[in-house]
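Heads up, the thing below is written out as structure tokens.
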Amino acid sequence: MIPTSEFPEVSKLLQIRPPDRLFHYTSPGGLIGIAQSKEIWATNVRYLNDTKELKHAAEVSRNFIANFSNKSKLNKTEERFLATLSQYAGNSSSDIYVVSLTEKRDLLSQWRAYCPSTGGFSLGMSSDHLQKVALEQRFFLCPAVYDHQTQYRLMGEIILKHIQQLGAELTEKQADDAAITCARDISKYGAILKHHSFKEEAEWRLISESQGVNSPHLSYREGMGTIIPYIKLSLSTPSFPDINRHMQPDSLLVVVGPTADYSAASFATQSLGHNCFPPGWAMGRSECPYRG
């Protein structure tokens, strides 16, 4: 079942059919962890590679708020709501966790962004299977939006929907609480907004429901001089255990990235797959030149 949203423009995105297989780029250690645990890690959006992502949806939303405020006759409740929303938009992003995927099995910018210079892997998985296990764990799969006009329309739809739900006369606290609720929706669906300069990545994302700092689902790993929160997303559940989808065209594919010694990487990958993946998985090789 494909998820739906109370926001029509968002629902249209959720109804877009993904390609049969989506790829996740990772390090050798990352592939080992996925293969052995059958889990993939959803990273807190605050700690993604591009730090601007945290602010992008907030900037689009503030742009809409400014334009809407200038063109509309607002009552005191709406003025308070929009002022608070402008302040809080983006602050709730730290409650959202994402897994980055792409339609591209062999893209140089992805090797550079997500893999060590000495080598990495892209793991191709059934998008149908990903959708099913994600829904069970309160995630949804959605394509990234790169077009600014579409981004503006999406954020505007969310804001206008919340304005329509405001009571005629709310206290300042009630207006503030309504704005914070709207800010959470902006953060949740704002995670699919990306700057147009990244369009070649053809990214899709698995996005979590909002998670508070006390969520029991959180785990932590070491980052560059910091601690990075993440959520473990199981790729094999009791309802949908077949991570490989044996004998299907979208079965599991491991692509060995650019490396100085493909023969050694290939041998180790075959051994790992033989011991950790169900029969029928496949292995491929990057065509990008090694530049280590």
Side-chain angles (χ1 to χ4, degrees), residues 1-4 13-43 97-107 110 114-115 120-144 192 201-209 211 216-219 221 230-257 265-286:
M1 178 180 175
I2 298 173
T4 57
L13 287 173
L14 295 175
Q15 298 297 319
I16 295 175
R17 181 179 177 84
D20 289 342
R21 191 187 276 129
L22 290 169
F23 292 84
H24 178 68
Y25 285 70
T26 187
S27 66
L31 179 65
I32 293 170
I34 294 170
Q36 293 179 338
S37 68
K38 307 301 183 295
E39 294 172 342
I40 197 165
W41 291 356
T43 301
Y97 292 75
V98 304
V99 176
S100 293
L101 305 160
T102 175
E103 301 176 15
K104 309 292 186 179
R105 61 169 275 170
D106 185 19
L107 188 62
Q110 294 286 286
Y114 296 104
C115 303
F121 301 86
S122 70
L123 178 63
M125 296 168 283
S126 161
S127 57
D128 178 65
H129 179 78
L130 286 172
Q131 281 186 315
K132 289 174 179 176
V133 296
L135 283 174
E136 280 196 333
Q137 297 165 80
R138 300 179 66 83
F139 279 72
F140 65 91
L141 177 67
C142 193
I192 63 179
E201 294 179 354
E203 186 171 350
W204 287 68
R205 284 187 162 177
L206 290 166
I207 302 173
S208 75
E209 294 289 334
Q211 304 285 333
H217 302 296
L218 300 187
S219 299
R221 62 183 174 87
Y230 68 94
I231 296 176
K232 297 176 182 177
L233 180 65
S234 178
L235 296 173
S236 179
T237 68
S239 301
F240 305 104
D242 189 11
I243 182 177
N244 187 40
R245 292 172 64 89
H246 185 39
M247 301 299 291
Q248 297 298 316
D250 55 353
S251 59
L252 206 64
L253 173 65
V254 181
V255 179
V256 181
S266 174
F267 173 81
T269 303
Q270 287 178 334
S271 177
L272 176 70
H274 176 76
N275 284 286
C276 296
F277 293 137
W281 70 281
M283 188 178 71
R285 177 178 183 174
S286 169

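These values consider heavy atoms only, across backbone and side chains, with no hydrogens, waters or symmetry-generated copies.
We find the CG-CZ distance between L253 and F277 to be 10.5 Å, quoted to the nearest 0.5 Å. If you take CG on L22 and OG on S127, they are separated by 5.0 Å, rounding to the nearest 0.5 Å. To the nearest 0.5 angstrom, S239 atom OG is 4.0 Å from E136 atom CD. Atoms CD and CG, on E201 and L107 in that order, are 7.0 Å from each other to the nearest 0.5 Å. Between Q131 atom CD and W204 atom CH2 the span is 7.5 Å, to the nearest 0.5 Å. How far CD1 of I40 is from CD1 of I34: 4.5 Å, rounded to the nearest 0.5 Å.
Side-chain contact between L252 and M125 is present, with heavy atoms from C-beta onward closer than 4.5 Å. Looking at V98 and L206, their side chains never come closer than 4.5 Å, going by heavy atoms from C-beta outward.
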Apply side chain to side chain contact (heavy atoms under 4.5 Å, CB included) to residues Q211 and H217 and explain how you reach the verdict. CA-CA 8 Å; Q211 304 285 333; H217 302 296; 3.7 Å; yes

Please walk me through it: do F121 and V256 pass side chain to side chain contact (heavy atoms under 4.5 Å, CB included)? CA-CA 5 Å; F121 301 86; V256 181; 3.9 Å; yes

R221/W41 under side chain to side chain contact (heavy atoms under 4.5 Å, CB included): CA gap, chis, key distance, verdict: CA-CA 10 Å; R221 62 183 174 87; W41 291 356; 3.4 Å; yes

Under the side chain to side chain contact (heavy atoms under 4.5 Å, CB included) rule, what do L235 and L130 come out as? Steps first, then yes or no, please. CA-CA 7 Å; L235 296 173; L130 286 172; 3.8 Å; yes

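Here the closest heavy-atom approach between residue G284 and residue R105 is recorded as CA-NH2, 4.0 Å. The two residues F139 and A42 have their closest heavy-atom pair at CE2-CB, 3.7 Å. Taking every heavy atom of both residues into account, A134 and L233 meet most closely at CA-CD1, 4.5 Å. When all heavy atoms are compared, the tightest approach of C276 to A35 is CB-O, 3.5 Å. The minimum heavy-atom distance between I16 and P143, with the atom names listed, is CD1-CG, 4.0 Å.
Summarising the local packing, NZ of K38 is surrounded by more than 12 heavy atoms from other residues, nucleotides or ligands at distances under 6.0 Å.
Side chain of H24 to main chain of S122: no donor-acceptor pair is present (N/O by atom type, distance under 3.5 Å, no hydrogens or angles). Looking only at distances, no side-chain donor or acceptor of H129 sits under 3.5 Å from a matching main-chain atom of S236. Checking side-chain atoms of Y25 against main-chain N and O of L123 turns up no donor-acceptor pair under 3.5 Å. Side-chain atoms of N244 come within 3.5 Å of backbone atoms of P279 as a donor-acceptor pair (strictly under, hydrogens ignored). Between the side chain of R21 and the backbone N or O of S251 there is at least one donor-acceptor pair closer than 3.5 Å.
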Please tabulate, for the side chains in residues 267-275, all donor-acceptor contacts under 3.5 angstrom to protein atoms that are two or more places apart in sequence or on a different chain.
residue: T269; atom: OG1; partner: A265; partner atom: O; Å: 2.6
residue: N275; atom: ND2; partner: S271; partner atom: O; Å: 2.8

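Side-chain contact annotation: S234 with Q137, donor-acceptor N/O pair under 3.5 Å absent.
In this structure S126 satisfies the side-chain hydrogen bond (donor to acceptor under 3.5 Å, both in side chains) test together with R245, D250, sequence neighbours excluded.
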